[in-house]
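The figures that follow rest on heavy atoms only: side chains count, while hydrogens, waters and symmetry mates do not.
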Amino acid sequence: MMGADHPTMMKLIGCAFLAVSFLLVYSVWDDYQTGSTTLRSAPIGNPDYPAMHTPVERAADPEEFERFLVHNGIAALITFAIGVAILGICRHQDRLDPTSPNFCGDRSFDE
């Protein structure tokens, strides 16, 4: 990535966030199907959360299982939103850049 310019790098980062969010959604779906899950990240403000790496079975504790799935689903949604925001900012910047093929302004420059 030595020759990549800033907008291209930002687009790649946005796409990476989207890819990770799709993997997280798939992971939540797989956990739902198998009936076993763990937290993917600690709740904000509590990094020593005791159940962080403890698997929870649907049959043993359905409420905790559902809570973990919701937490993991929200993490995937936030990751998706960050990716969309980054790509939206890049697209907006492309529309403002006079050298871009997507420029939406007046091509004549005031001299």
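Nearest heavy-atom pair across Leu69 and Thr37 is CD2-OG1, 4.2 Å. When all heavy atoms of Phe17 and Thr79 are compared, the pair lying nearest together is O-CG2, 3.4 Å. Contact between Arg58 and Gln33 at its shortest, heavy atoms only, is NH2-N, 4.3 Å. Across all non-hydrogen atoms, the minimal contact from Phe65 to Gly35 is CE1-C, 3.5 Å.
In summary, the aromatic rings of Tyr32 and Trp29 are positioned with their centroids under 6.0 Å apart.
Asn72 places a side-chain N or O within 3.5 Å of a backbone atom of Thr38 that can act as its donor or acceptor partner.
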Does the pair Met10 and Ile89 meet the rule for a side-chain contact (heavy atoms from CB on, under 4.5 Å), with working shown?
CA-CA 9 Å; Met10 288 303 294; Ile89 290 169; over 6 Å; no
Glu64 and Arg67: CA distance, side-chain angles, deciding distance, side-chain contact (heavy atoms from CB on, under 4.5 Å) verdict:
CA-CA 5 Å; Glu64 189 80 357; Arg67 195 166 60 92; 2.7 Å; yes
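Each of Leu23, Asp30, Asp31 was checked for a side chain to side chain contact (heavy atoms under 4.5 Å, CB included) with Ser27, and the lone residue meeting it is Asp31.
Among residues two or more places apart in sequence or in another chain, the side-chain contact (heavy atoms from CB on, under 4.5 Å) test is passed with Leu87 by Lys11, Cys15, Leu18. Remark: Glu57 engages Ser36 in a side-chain hydrogen bond (donor to acceptor under 3.5 Å, both in side chains) (not counting sequence neighbours).
A continuous path of Ile, Leu, Val, Met, Phe, Trp and Tyr side chains, each step under 4.5 Å between heavy atoms, connects Ile82 with Ile74, placing both in one hydrophobic cluster.
Note that the CG atom of Leu24 and the CD1 atom of Ile78 stand 11.0 Å from one another [nearest 0.5 Å].
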